[in-house]
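I have placed the structure first, in the form of C-alpha cells, so that the comments after it can refer back to it.
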Amino acid sequence: MSTVWKSRYALRTLRIKSSTIRELLKVTQQPEMISFGGGLPAPEVFPVQRFEEACHTVLEEHGAQALQYSATEGYEPLREMIAKNMARYGILAKAENVLITSGSQQALDLIGKLLINSGDRVLVEAPTYLGALQAFSVYGAQFLTVPIDDDGLRTDQLESSLRLSPKFMYILPNFQNPAGVTLSEGRRHQLIFLADKYGIPIIEDDPYGQLRYEGEHLAPLVVLDRENLRRDNGFTLGNVIYLSTFSKTLAPGIRLAWIVAPPDVVSKLVMLKQAADLHTATFNQMVAYEVAKDGFLDQHVKRIRQVYRERRDVMLQALQEFFPAEVTWTHPKGGLFLWVTMPEGTDCRLLFRAALAENVAFVPGDCFYGNDLADGCRHMRLNFSHSEPELIREGIRRLSVAVKMHLRTSHAPLEVAGGRR
Ligand SMILES: Cc1ncc(COP(=O)(O)O)c(C=O)c1O
C-alpha cells in the first residue's frame, strides 16, 4: 500500500470499518450458495418492461433536458407525487418539504453531516440498521443503545438514555432492519411523548412501511408528532424527520429516496447535498416518475406484497420444520428480514463459517449493534425476499445442519485459562 496516501488520510477514515455485509455479498455470489445475507429485493419483481417504456417516453418527451443538470431539491413532479402518496398515510407534507436523495443511504449521510459533531451522542435501537451506524460513525457519533423486543423499541428503557441528551434518536418503526419487528401503537405514542418531554428529535427511517403482509397500518411517528404539535401550536412539521425510498418498492439500482422535513431543515440539507453531488440523477428521477405514475406503483406494491408474503411464510414454515426447539425467531408482519436467536453460549460468527461450508449464508447479528457487540453474537439476520420459495426451503434445511452442529460443539465444555473444564 502506498504510504504517500496512507499518512494523509483524514482522522475520520479511522472510524470507518469495512461492511461485513458488503464483504459477505462477494462470497455469496458463488452460484451454488443460497444467500439469506443481503437485503436484496427479488429481481423477478422488478418492472423491467415498464422501465424500458418509461426510458423511451422520457427521452421522447424531455429530450436533452432529461440528460441535463437539474435542481438539487429534485424533479418537481416526482416531489409532488411523493407528497400526494404520503398524504394517504396521514403525512401532510407539501412538495417543498420533500428532498429527493440518491438513496436513503445518502439521506442518512446528509443527516449525519447536518446534525453530528464529533463526540455527539446518537440514540439507536439495539440492533439497528448497519448502514446508519456506518453513516453516523463517519461524523464521530457515540451511540446510546436501547434494546428492542417483539414490539420494537423498549420505550420503558428509554428515559435514562434521553437524560444523557442525545442529539437525536434514529428509529425504524416498521419491520425493522435487522429484526423485522414493528413498534406497537402504544409505544409510538410513548416515544413521541418522551421525545417531546426531553426535547430530543427523531429520525424516522421507513423503507419498508408499504410492505405489510398482515395487520393494520400504524400511524408513522411523523404523523403522531404533527398531531402533538397541532394540539399545541397549529400545524407545522415538527420534531420528526421522515425518510423513505423507492429501493424496495421499485428498484434499488435507480438510487432514489426522499427526506421529509420542515422547510428550513430542507434548505440546509439542500446546501449539503449540493456539496455532495449537486443533485440526484435527472434521468432516473424522470424515469421513476414515469414508471410510478397513474397508479402503477400501487398495483406493483400489491404484487410485491404477495410475493414476499409467500416467501416469508415458506421461511417461517421451514424454520419450524428443520430448526431445533432451543432456537427462536421473530414473526415479521412485513419487510424483508427475520431475526433468529440462538441459545446462550453460541456464536453466530462461528456458525457463519459452518453455514458457508453448507453453501448457505446469513448476516451474523453482531454487525447491527452500536455498542454491546457481545449481545449480537447469538443472533442472525435472515432475508426472505431475495430467494425463490424452493431455495428458501433448501437454504433453511442446509442452515439447520450447520446450526445443529454448532449447538453440539458450543455446548461442549467451556475453554478456560489453563485447559478445559
Ligand atoms: C433501514 C434502512 N434504511 C436505509 C436503507 C438504504 O436504502 P437505499 O437503498 O434507499 O439507500 C436501507 C437499505 O436496506 C435500510 O434497510
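Heavy-atom contacts from other residues, nucleotides or ligands closer than 6.0 Å to CD of Gln49 number 12 or fewer. With a 6.0 Å radius and a threshold of 12 heavy atoms from other residues, nucleotides or ligands, Glu52 has its CD atom at or below the threshold. Counting heavy atoms of neighbouring residues, nucleotides and ligands inside a 6.0 Å radius, atom CG of Leu14 exceeds 12 of them.
Using a 4.5 Å heavy-atom cutoff, the side chains of Thr280 and Tyr75 are not in contact. Proximity of Arg15 to Ser118: side-chain heavy atoms (C-beta onward) are separated by under 4.5 Å at one or more points. Taking the side chain as every heavy atom from C-beta outward, Val287 and Ile254 never approach each other to under 4.5 Å. Within the 4.5 Å cutoff, side-chain heavy atoms of Phe246 are placed close to those of Ile82. At least one side-chain heavy atom of Pro41 sits under 4.5 Å from a side-chain heavy atom of Pro252. Between Glu96 and Val266, the closest side-chain pair of non-hydrogen atoms is not below 4.5 Å. Residues His189 and Leu224 form a side-chain contact, since some pair of their non-hydrogen atoms from C-beta on lies under 4.5 Å apart. Contact annotation: the side chain of Ser102 approaches that of Asp277 to within less than 4.5 Å [non-hydrogen atoms, C-beta and beyond].
Using modelled atom types, one side-chain atom of His300 and one backbone atom of Val45 make a donor-acceptor pair closer than 3.5 Å. At distances below 3.5 Å, at least one donor-acceptor pair connects side-chain atoms of Arg212 with backbone N or O atoms of Glu214. When atom types are taken as modelled, the side chain of Arg312 and the backbone of Pro332 share a donor-acceptor pair closer than 3.5 angstrom. No side-chain donor-acceptor contact under 3.5 Å links Arg378 to the backbone of Asp347. Put simply, the side chain of Asp294 never gets that close to the backbone of Phe296: no donor and acceptor are under 3.5 Å apart. Judged by distance alone, the side chain of Tyr213 and the main-chain N or O of Gly335 form a donor-acceptor pair under 3.5 Å.
Distance check: Asp206 CG to Gln176 CD gives 12.0 Å after rounding to the nearest 0.5 Å. One finds the OH atom of Tyr198 at 10.5 Å from the CE atom of Met169 (value rounded to the nearest 0.5 Å). Atom CZ of residue Phe193 and atom CD of residue Gln190 lie 7.0 Å apart, to the nearest 0.5 angstrom. Interatomic distance, Glu290 CD to Cys55 SG, rounded to the nearest 0.5 Å: 10.0 Å. The CG atom of Leu158 sits 7.0 Å away from the CD1 atom of Ile171 when rounded to the nearest 0.5 Å. The distance from the CE atom of Met380 to the CZ atom of Phe368 is 12.5 Å, given to the nearest 0.5 Å.
Under 4.0 Å is where a charged nitrogen must lie from a carboxylate oxygen, and between Asp264 and Lys268 no such pair does.
No side-chain N or O of Asn359 forms a donor-acceptor pair with one of Gln30 less than 3.5 Å apart. With no hydrogens or angles considered, a side-chain donor-acceptor pair links Tyr170 and Asp205 at under 3.5 Å. Looking only at atom types and distance, the side chain of Ser410 has no donor-acceptor partner in the side chain of Thr346 under 3.5 Å away. For the 3.5 Å distance criterion, the side chains of Asp150 and Thr330 fail to qualify, holding no donor opposite an acceptor. Using modelled atom types, one finds no donor on one side chain facing an acceptor on the other under 3.5 Å when comparing Gln210 with Lys248. A side-chain N or O of His379 and one of Thr341 form a donor-acceptor pair less than 3.5 Å apart.
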Next item on the list: May I have the step-by-step check of side chain to side chain contact (heavy atoms under 4.5 Å, CB included) for Leu338 and Met315, ending in yes or no?
Entry: CA-CA 9 Å; Leu338 58 80; Met315 187 173 273; 4.0 Å; yes
Next item on the list: Starting from the C-alpha separation in whole Å, work towards a yes-or-no answer on side chain to side chain contact (heavy atoms under 4.5 Å, CB included) for Glu204 and Leu243.
Entry: CA-CA 6 Å; Glu204 176 176 24; Leu243 317 180; over 6 Å; no
Notebook entry, point to check: Can you list the steps and then say if Glu185 with Arg188 is a salt bridge (Lys or Arg N to Asp or Glu O under 4.0 Å)?
Noted result: CA-CA 5 Å; Glu185 194 176 354; Arg188 286 177 194 232; over 6 Å; no
Next item on the list: Quick one: do Asn177 and Leu336 satisfy side chain to side chain contact (heavy atoms under 4.5 Å, CB included)? Show the steps, please.
Entry: CA-CA 8 Å; Asn177 179 2; Leu336 310 189; over 6 Å; no
Margin query: One pair to check against side chain to side chain contact (heavy atoms under 4.5 Å, CB included): Gln320 and Trp329. What are the steps and the verdict?
Written below: CA-CA 10 Å; Gln320 191 67 38; Trp329 50 87; 3.7 Å; yes
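Each of Arg88, Lys293, Lys84 was scored for a salt bridge (Lys or Arg N to Asp or Glu O under 4.0 Å) with Asp298, with one residue passing: Arg88. A side chain to side chain contact (heavy atoms under 4.5 Å, CB included) with Ile202 is found for one member of Ile241, Asn239, Val222, Ile192 and no other, namely Ile192.
A cation-pi arrangement, defined by a distance under 6.0 Å to the six-membered ring centre and an angle within 45 degrees of its axis, is present between Arg381 and Phe337.
For Phe362 and Phe352, the gap between ring centers is short of 6.0 Å. Aromatic pair Tyr242/Trp258: centroids not less than 6.0 angstrom apart.
For Pro324, the side chain to side chain contact (heavy atoms under 4.5 Å, CB included) partners two or more places apart in sequence, or in a different chain, are Glu326, Val327, Val403, Lys404, Leu407. Partners of Pro43 according to the side chain to side chain contact (heavy atoms under 4.5 Å, CB included) rule, which considers only residues two or more places apart in sequence or in another chain, are Phe46, His386. Arg309 is linked by a side chain to side chain donor-acceptor pair (under 3.5 Å) to nothing, counting only residues two or more places apart in sequence or in another chain.
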Less than 3.5 Å apart, which donor and acceptor atoms pair up between the side chains of residues 136-143 and the rest of the protein, not counting sequence neighbours?
{"residue": "Ser137", "atom": "OG", "partner": "Leu133", "partner atom": "O", "Å": "2.6"}
{"residue": "Tyr139", "atom": "OH", "partner": "Asp109", "partner atom": "OD1", "Å": "2.7"}

Could you pull out all donor-acceptor pairs under 3.5 Å where a side-chain atom in residues 121-128 meets a protein atom, sequence neighbours excluded?
{"residue": "Arg121", "atom": "NH1", "partner": "Leu164", "partner atom": "O", "Å": "3.0"}
{"residue": "Glu125", "atom": "OE1", "partner": "Leu172", "partner atom": "N", "Å": "2.7"}

Going by atom type alone, with no hydrogens or angles, which donor-acceptor pairs under 3.5 Å involve a side-chain atom of residues 387-395 and a protein atom two or more places apart or on another chain?
{"residue": "Arg393", "atom": "NH1", "partner": "Glu321", "partner atom": "OE1", "Å": "2.9"}
{"residue": "Arg393", "atom": "NH2", "partner": "Glu321", "partner atom": "OE2", "Å": "3.1"}
{"residue": "Glu394", "atom": "OE1", "partner": "Arg397", "partner atom": "NE", "Å": "3.0"}
{"residue": "Glu394", "atom": "OE2", "partner": "Arg397", "partner atom": "NH2", "Å": "2.9"}
{"residue": "Glu394", "atom": "OE2", "partner": "Arg398", "partner atom": "NE", "Å": "3.0"}

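Closest non-hydrogen pair, Lys167 versus Asp120, comes out as NZ-OD2, 2.7 Å.
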